[in-house]
There are 2 protein chains.
Amino acid sequence: MDLTDLEPVERRSTAAIVADRIRTAIMRGTFPPGTQLGEVELAARLGVSRGPLREAMQRLVAEGLLRSERHRGLFVRDLDAADVRDIYHARASVERAAGLLLLDGDREAAADRLDAALAVMAGAAAAGDPAAVADADHAFHAEFVAASGSPRLRRMADGLLVETRMCLAALQQTAPPSAGLLAEHRELCEAVRAGDRDRLTAVLEAHMADAVGRLLAPSAVPGASLPA
Amino acid sequence: MDLTDLEPVERRSTAAIVADRIRTAIMRGTFPPGTQLGEVELAARLGVSRGPLREAMQRLVAEGLLRSERHRGLFVRDLDAADVRDIYHARASVERAAGLLLLDGDREAAADRLDAALAVMAGAAAAGDPAAVADADHAFHAEFVAASGSPRLRRMADGLLVETRMCLAALQQTAPPSAGLLAEHRELCEAVRAGDRDRLTAVLEAHMADAVGRLLAPSAVPGASLPA
DNA sequence: GAGGGGTAGATTGTTGACAATCATACGAGC
DNA sequence: GCTCGTATGATTGTCAACAATCTACCCCTC
């Protein structure tokens, strides 16, 4: 009997579960930026009392997803153009660090993991499912940083990826054109496998800059805009 | 009348205030890693009910300072040698990104702000106050990242700095030898003023590597050690 | 008609009590 | 003597009620 497979039973707190639900909803654009989250209604909808719900909210406040105004309520943090730039810049820094760590570790294993994520993305793109492509994009970058083995880089990246999804949702751009996107990710993967440091950082930087450009360019989607 | 000086009144939530208090206590080593934080006692000591206290705890859990075990309690997260390396590596990445941003901005203004922090550190070193030196060190790096103008880098750096203090407290090394420390910070400041990119990143990297080496070297302080 | 003051409704903040779960100590059985 | 089962005390998880505050509306005054 292999004891290494025996993971401790998952006993997460109710607050953690509730936080996950709300985080996902914010990410998917169910609660657009600026929305006030009423406690009683949310608690009723989630089937919990206001106590655990408030605990979950505090978690999301700490993550920077919610903004708390005393005696007034909790609001989904609104993002402007400067935030979009800041998010992608921070992501570039974190993923660069993770990428360099990747090069020092087991490159082949990491590249294989990334290939798997890439396959999912390719499948979603082929199926023409924009939401699935966005999910795969998210998963790829999460995997990229996770493979570095740094818990803190992972934590920071996860937070930034959630904010990224918020931006996409706010702009109704669930997925950028998947043709170039797929190629950029594939290149990232190849750079890891090849152990090419300069290429990796360059591609990463370009990937982020491209994304910012796409998001901040005057969108053709009506009603999809960011303040200032 | 200058309206720019009129900041909105500070009306932070009770949970935020409580979280600050506990965070500081953890940082200072009042609650060593592994300590269980009983809710009733803490609430009584802080003069609040268990509700707001639990909200504050969730915040600290989200920040990664506390570890929550369902129906068992909240514990101060314990750090091992791998964590120390991870913390400083993540700090190096974040501060590098902030530093590069600094070079593109108003270098002179940033250098002036850093000089002020440096002066405080020099004063503390001259007074032979190890705790004050540690505070000044913390403040310098916080200022360094804050001056970059990136809210997300700032948030991440603040979290990492708190963890840094946890390490120092756990090792009873409130302050490393202040002679070399002061010089390293001064060099960082000068690199910013000069706009020397390569020097800045090199010094930063060395500064972090030095710190890890100091912390993980077999300490002469009895009873001050980290697991595995 | 514009501005100030007051009131009513709704929402958040806080509290104390109750239920569920866990850790420890004790005793029975093998 | 060791192990298993049980009871007890303490701690956490959850809830519903109360208090404080804010927003919006109406009315009065100038």
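Per chain, numbering begins at 1; letters A, B, ... match sequence-line order. Because only heavy atoms are used, hydrogens play no part in the values below, and waters and symmetry mates are left out as well, while side chains stay in.
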K.L.:
Separation of B/R70 atom CZ from C/dC22 atom P, in whole Å?
P.N.:
9 Å
K.L.:
Check each residue of residues 39-50 of chain B for a non-hydrogen atom within less than 4.0 Å of any atom in DNA chain C, then write out the ones that pass by number, or none.
P.N.:
B/V48, B/S49, B/R50
K.L.:
Identify, between A/E69 and B/R54, the residue whose nearest nucleotide on DNA chain D lies closer to the 5' end.
P.N.:
B/R54
K.L.:
Can a salt bridge be assigned to the pair B/R165 and B/D137 using a cut-off of 4.0 Å between side-chain N and carboxylate O?
P.N.:
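Answer for the salt bridge query: no.
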K.L.:
Can you tell me the distance, in whole Å, between the CG atom of A/L74 and the P atom of D/dC22?
P.N.:
15 Å
K.L.:
Under 4.0 angstrom, heavy atoms only, what part of the nucleic acid is A/L37 near: base, sugar-phosphate, or nothing?
P.N.:
sugar-phosphate
K.L.:
I need the CD-P distance between A/E55 and D/dT14, as an integer number of Å.
P.N.:
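After rounding, the reported distance stands at 7 Å.
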K.L.:
Excluding sequence neighbours, so at least two apart, what forms ring pair (Phe, Tyr, Trp, His ring centres under 6.0 Å) with B/F140?
P.N.:
B/H185
K.L.:
What is the distance from NE2 of A/H71 to P of C/dT11, rounded to the nearest Å?
P.N.:
16 Å
K.L.:
What does B/G73 touch in the nucleic acid at a heavy-atom separation under 4.0 angstrom: a base, only the sugar-phosphate, or nothing?
P.N.:
sugar-phosphate
K.L.:
Is atom CZ of B/R45 surrounded by more than 12 heavy atoms (other residues, nucleotides or ligands) closer than 6.0 Å?
P.N.:
no
K.L.:
Could you measure the distance from the CD atom of B/E95 to the NE2 atom of B/H207? Nearest 0.5 Å is fine.
P.N.:
7.0 Å
K.L.:
Using every non-hydrogen atom in the two residues, find where A/V84 and A/V212 come nearest and quote the distance to one decimal.
P.N.:
O-CG2, 4.4 Å
K.L.:
So which pairs with a foot in residues 29-88 of chain B pass ring-ring contact (aromatic ring centres under 6.0 Å, His included), sequence neighbours left out?
P.N.:
none
